[in-house]
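First up is the structure itself, then whatever we jot down about it.
Quick caveat: nothing in here was measured; it's all calculated off a predicted structure.
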Amino acid sequence: MANNELTVAILGPGGVGGLLAALLSRAGHRVICLAGEETADTLRTNGIRVRSAAFGDFTAPVEADTELREPVDACLITVKATALDAALARVPATALGDALLVPFLNGVEHPAHLRARYTSTRVAPAIIRVESTRVTPGLIEHGSPFAEIDLTGDPVPRERLDALAAALRTAGPTTRVLPDETAALWAKMTFLAPLALLTTRYRAPLGDVRTRHREELTALLEETAAVSRSYGGPSDPAGALARYDTFPPQTKSSMQRDAEAGRALELDAIGGALLRAAERQGIAVPVTARLVRELATPRTD
């Protein structure tokens, strides 16, 4: 990554991946999107069109293939956790080589999974705060007034993280490099899990959850904070609740949107991972356990 222009593969050019692919391409980087044959054909022919109040409306050209076939500087993984194992077939370890592998996934367990499969010192987990949706293959709607990325990776050389962060920052998203991978992942988990579990369980936006189910929300925040603290992560349930109160009342979690669309839920990557982490530390999380159990049980109403 010595040159300013990078070659970046995007595994899963959906709402997040498509937005990042288009922004990086517009900034002058070479982008290769990895997807199924039909989506790859569409992207090769038409590029990626973005509608965004923050970044403007534009179309960016990208390359596309069904599998990574050449070395790149970085490969961004932007698929859902439920599709991760199948999607990784598109990224052979032999083709990835020395590239950074940057997963934008929910949960805290995926870095270890990826390090067991690829070069461990090249896995650089990232967290993104954005609302971005793939309307159709190649058409992305960026709805939030922001796109913020935290890039981390304890065993990754700092200069490599800085180079990728600089490319992302120049392309548009506010990007920073954090020194503590565990703290970064748990900071997201402690904020995401309560939102995802409760909005999905009650089929309601955040505004309803924080008023009608506030006691449950508070209890869940305290449970996730306790687990996070036991792993050296952040613990501020009151601060998280205050942040929730600033969000628009119609805010929905991505898990809730998946449930509404009939898609597979990231229940195991979020709720299941939280339960496993709590069990390892001997921490009781009864509210979390009940919500995960209820969400795992098919509803008939």
Side-chain angles (χ1 to χ4, degrees), residues 1-12 15-29 31 50 52-56 72-78 99-108 110-111 114-115 120-132 140 142-193 195 224-225 228-229 231-236 239-240 242-244 246-247 254:
M1 276 193 246
N3 299 322
N4 291 330
E5 293 184 6
L6 306 181
T7 297
V8 181
I10 307 284
L11 178 61
V16 170
L19 176 65
L20 295 179
L23 289 172
L24 286 166
S25 173
R26 185 173 69 168
H29 302 286
V31 175
V50 172
S52 169
F55 300 126
V72 294
D73 293 301
C75 177
L76 312 188
I77 301 178
T78 54
L100 287 187
L101 192 67
V102 186
F104 287 81
L105 280 90
N106 291 325
V108 294
H110 56 276
L114 292 169
R115 286 177 177 131
S120 62
T121 56
R122 294 294 178 259
V123 176
I127 293 126
I128 187 166
R129 291 173 289 276
V130 70
E131 183 179 353
S132 187
I140 306 297
H142 170 224
S144 58
F146 55 83
E148 301 170 348
I149 295 172
D150 291 338
L151 185 62
T152 184
D154 292 343
V156 180
R158 177 61 187 250
E159 62 271 17
R160 299 204 65 180
L161 295 176
D162 287 339
L164 179 58
L168 290 166
R169 193 179 301 119
T170 302
T174 301
T175 306
R176 60 181 181 171
V177 176
L178 299 182
D180 188 331
E181 176 182 314
T182 299
L185 291 173
W186 275 104
K188 180 177 182 180
M189 178 68 114
T190 57
F191 188 79
L192 171 67
L195 175 66
T224 56
S228 173
R229 184 169 55 250
Y231 286 91
S235 174
D236 184 13
R243 280 188 64 199
Y244 282 141
T246 67
F247 277 49
S254 60

For L151 against A124, the heavy-atom pair lying closest together: CD1-O, 3.9 Å
Between S228 (side chain) and P234 (backbone), is there a donor-acceptor pair under 3.5 Å? yes
Do the side chains of N106 and K188 get nearer than 4.5 Å, heavy atoms only? yes
Donor-acceptor under 3.5 Å (T7 side chain, V72 main chain): no
What one should report as the nearest heavy-atom pair of P179 and D154 is O-OD1, 3.4 Å
Is T174 reaching over with its side chain to a backbone N or O of E148, donor-acceptor style, under 3.5 angstrom? no
Which class fits the ring pair W186 and Y231: parallel under 30°, tilted 30 to 60°, perpendicular over 60°? parallel
Tell me whether T170 contacts the main-chain N or O of A167 through its side chain, where contact means a donor paired with an acceptor under 3.5 Å. no
Would you compute the distance between atom OG1 of T175 and atom CG of D162 and round it to the nearest 0.5 angstrom? 11.5 Å
At what distance, to the nearest 0.5 angstrom, does OG of S52 lie from CG of L23? 7.5 Å
All pairs passing salt bridge (Lys or Arg N to Asp or Glu O under 4.0 Å) where residues 164-178 contributes a residue, at least two apart: D150-R176
Are R129 and S144 close enough that some pair of their side-chain heavy atoms sits under 4.5 Å apart? no
Output, in order, the C-alpha distance, side-chain angles, deciding distance and verdict of side-chain contact (heavy atoms from CB on, under 4.5 Å) for L76 and L24. CA-CA 12 Å; L76 312 188; L24 286 166; 4.2 Å; yes
Has the side chain of S25 got a donor or acceptor atom that lies under 3.5 Å from a matching backbone atom of A21? no
Taking the side chain as C-beta and beyond, is there a heavy-atom pair between H29 and L6 under 4.5 Å? yes
With a 4.5 Å heavy-atom cut-off, do L20 and V8 have their side chains touching? no
Below 4.5 Å, heavy atoms only, C-beta onward: do P125 and E181 meet side chain to side chain? yes
Should P111 and P103 count as side-chain neighbours, where that means a heavy-atom distance under 4.5 Å? no
In terms of heavy-atom contacts, L164 and L100 come closest through CD2-CD1, 4.2 Å
Interatomic distance, NE2@H142 vs CZ@F55, rounded to 0.5 Å, equals 5.0 Å
If I compare all heavy atoms of P173 with all of I149, which pair ends up nearest, and what's the gap? CB-CD1, 3.8 Å
Does any non-hydrogen side-chain atom of V123 lie less than 4.5 Å from one of V156? no
Nearest heavy-atom pair of L185 and G107: which atoms, and what distance? CD2-O, 4.2 Å
What one should report as the nearest heavy-atom pair of R115 and S120 is NE-O, 3.3 Å
Does the side chain of I128 come within less than 4.5 Å of T78's, by heavy atoms? no
